[in-house]
Amino acid sequence: MLRSMASLPLISFPNPNLRIPLFLFYSPNLRKSSKTLTLAKSFSTSSPSLPQFPLPLISNLDLKPYLSCSMPQNRFKIALLLSGGVDSSVALRLLHAAGHSCTAFYLKIWFQEDFENFWSQCPWDEDLKYAKAVCDQVDVPLEVMHLTDEYWNSVVSHIIAEYRCGRTPNPDVLCNTRIKFGAFMDAINSMKFDYVASGHYAHVVHSSSEQKDRYSVLELSKDMVKDQTYFLSHLSQGQLKRLLFPLGCISKDEVRRLATEMDLPNKDRKDSQGICFLGKIKFSEFVAKHIGEMDGVLLEAETGDFLGKHRGFWFYTIGQRQGLRLPGGPWYVVEKDVQNNVVFVSRNYFSLDKRRRSFRVGTLKWLRGSPPDQLDQLQCKVRHGPGFYNCNIKIEPGECGSGDAAVVHISEDDQGLAAGQYAAFYRMKTCIGSGIILDSWDKKSFPVCAKALEIAKMEDKSKLGKPVIIKNKPECSGNGAEYKDRMEMLGKSRLFQLNAATMTGRQRQRSKGLFSNLDGKWSLLKEKWSQIF
């Protein structure tokens, strides 16, 4: 059962010292080792009950070079989503330095009683403590908003339904479109904020008021490795017009350095990992709790050999390697039979004859409201990360009012196209929209032999007996790993060519080192393949 808190009012954390400026300017007469001052000793006040707590000294840090994505030439009323992490905290400080009037909001989106025993403490207590401390530094009010019911109805229940159907949805995309920049925007609509900001690594370029069309554009961030436009690609133009991302013009390394120079209380916190609503719960435990378990079989795609059992197809996604627990690997999930609860696996996932270059997408969302005039010579991401594919798109009218779909042809092979994931589309550095991957579509998708398909349809799979003894993989098949390495290097090469102008000096240096051995590796790979064929 979910503990509903959506009906609770906002909880405000006003600073207890509103009469006192909380910006303590650096004094050269103070020793550098003295990083905190006791407030009651530093200021005279008529309030005898004023609480005493240490505040960090804030030096005259010049933030002007870092404000280009914070619209410093204006003065706006801004609602900032503050998680308690470093990214959103630095975003708050940049907006404050740009002169905007900010209110910070912490979202409580999920709590489930059955999983209380997994936490040693309330999962958001520490986050909220850091968020309040960051706001106290610059006297910014902090409010806590409960969107638990909205998150369950719009995100979690949808994830459960999709996994039951064998698809793999992306919780981060859903959370951005339906909660952070959906339900939250609706909840604060009456408060008349000009913009909603967050610590995402992306850049929104807003049109000037004089321009007639006044479209807002989503662009790649300066940090291509950290860039999060993939997670924002399914927003609407109405949502995009209200967004501001202060970190879009600076790199992650710069954010960490600024956090240290600002002496933020969370400057040493690690970045959060995993799915936001799970906390310390493993995703497999979440799936088992809400979908359950059902014994099924693992079949080798090429032979139909019975290799072992699994707990349910919903625990696996295409391209998955971990959790199969089969000897002689590595083994990869290559297909799933949802109707018969069968998972097909293979050790030849990266073989050259197992290509996927075409797939279909549905639920198309274009950031300008309609598809661009030209759908060729685009770039595409099929997962979060710095790699792009060149691609062409062909729109196909949907059937029975289901909406348009599109066939996407990418320039190179990708073995991990998973139904339910998003494909985001770009024209150079501008994100133009996205769609949900429906399936792999061409005849070169991973083949499952007829024998394996027939065995999958067996009603009584106990007749299969014991799993076969898996033999070690032949020596020559190890070239698949080298093929994967080649593909990854080519992906990074595309990234370098597309974004060399936006890379930092450090990133360019890394790239040069990566490509220096490219020709030698490719020559070795060709030599080994020639020995096989």
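Between the side chain of Q239 and the backbone N or O of T177 there is at least one donor-acceptor pair closer than 3.5 Å. Panel note: side chain N74, backbone F76; no donor-acceptor pair is recorded below 3.5 Å. Checking side-chain atoms of R242 against main-chain N and O of F181 turns up no donor-acceptor pair under 3.5 Å. No side-chain donor-acceptor contact under 3.5 Å links T229 to the backbone of L232. At least one donor-acceptor pair closer than 3.5 Å links the side chain of Y389 to the backbone N or O of D413.
Here the closest non-hydrogen pair linking V382 and C380 is CG1-SG, 4.0 Å. Of all the heavy atoms in V86 and N266, the pair that sits closest is CG2-O, 3.0 Å. Taking all atoms of both residues into account, the shortest heavy-atom contact from T317 to A418 is OG1-CB, 3.7 Å. In this structure, A197 and I78 approach most closely via the heavy-atom pair CB-CG2, 3.8 Å.
Residues K381 and D227 are paired through a salt bridge, judged by an N-O separation under 4.0 Å between the basic side chain and the carboxylate. Salt-bridge annotation for D136 and K132: present, with a side-chain N of the basic residue lying under 4.0 Å from a carboxylate O of the acidic one. The pair E150-R178 does not meet the salt-bridge criterion, since no charged nitrogen lies less than 4.0 angstrom from a carboxylate oxygen. Using a 4.0 Å cut-off between charged side-chain N and carboxylate O, R383 and D414 make a salt bridge.
Note that the CG atom of L81 and the CG atom of L243 stand 9.0 Å from one another [nearest 0.5 Å].
Put simply, the side chain of V140 reaches to within 4.5 Å of the side chain of L92, judged on heavy atoms. By the 4.5 Å heavy-atom criterion applied to side chains, S83 and Y130 are not counted as neighbours. Under the 4.5 Å side-chain criterion, counting only non-hydrogen atoms from C-beta, E219 is not in contact with V204. Side-chain contact between V144 and K108 is present, with heavy atoms from C-beta onward closer than 4.5 Å. For the pair P265 and Q137, the minimum side-chain heavy-atom distance is below 4.5 Å. The side-chain heavy atoms of Y66 and P246, taken from C-beta on, include no pair separated by under 4.5 Å. Between V408 and F425, the closest side-chain pair of non-hydrogen atoms falls below 4.5 Å. For the pair T363/L438, no side-chain contact is recorded, criterion being any heavy-atom separation below 4.5 Å from C-beta on.
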Tell me, with the steps shown, if E261 and K267 meet salt bridge (Lys or Arg N to Asp or Glu O under 4.0 Å). CA-CA 9 Å; E261 294 186 8; K267 61 186 177 184; over 6 Å; no
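A centroid separation of 6.0 Å or more is found between the aromatic rings of F245 and Y201. Aromatic ring centres of F231 and H200 lie farther apart than the 6.0 Å criterion allows. The distance between the ring centers of H206 and Y215 does not fall below 6.0 angstrom.
In summary, of the residues considered (R269, R93, K252), a salt bridge (charged side-chain N to carboxylate O under 4.0 Å, His left out) with D87 occurs for K252 alone.
Ring geometry for Y230 versus H384: interplanar angle of 30 to 60°, hence tilted.
Atom CD of Q73 is surrounded by more than 12 heavy atoms from other residues, nucleotides or ligands within 6.0 Å.
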Atom pairs and distances, donor-acceptor, side-chain atoms in residues 186-194, under 3.5 Å, two or more places apart:
from	atom 1	to	atom 2	distance (Å)
D194	OD2	K77	N	2.8

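The ring-ring contact (aromatic ring centres under 6.0 Å, His included) test applied to H203 returns no partner, not counting sequence neighbours.
With no hydrogens or angles considered, a side-chain donor-acceptor pair links S358 and H409 at under 3.5 Å. When only modelled atom types and interatomic distance are considered, S233 and Y426 share no side-chain donor-acceptor pair under 3.5 Å.
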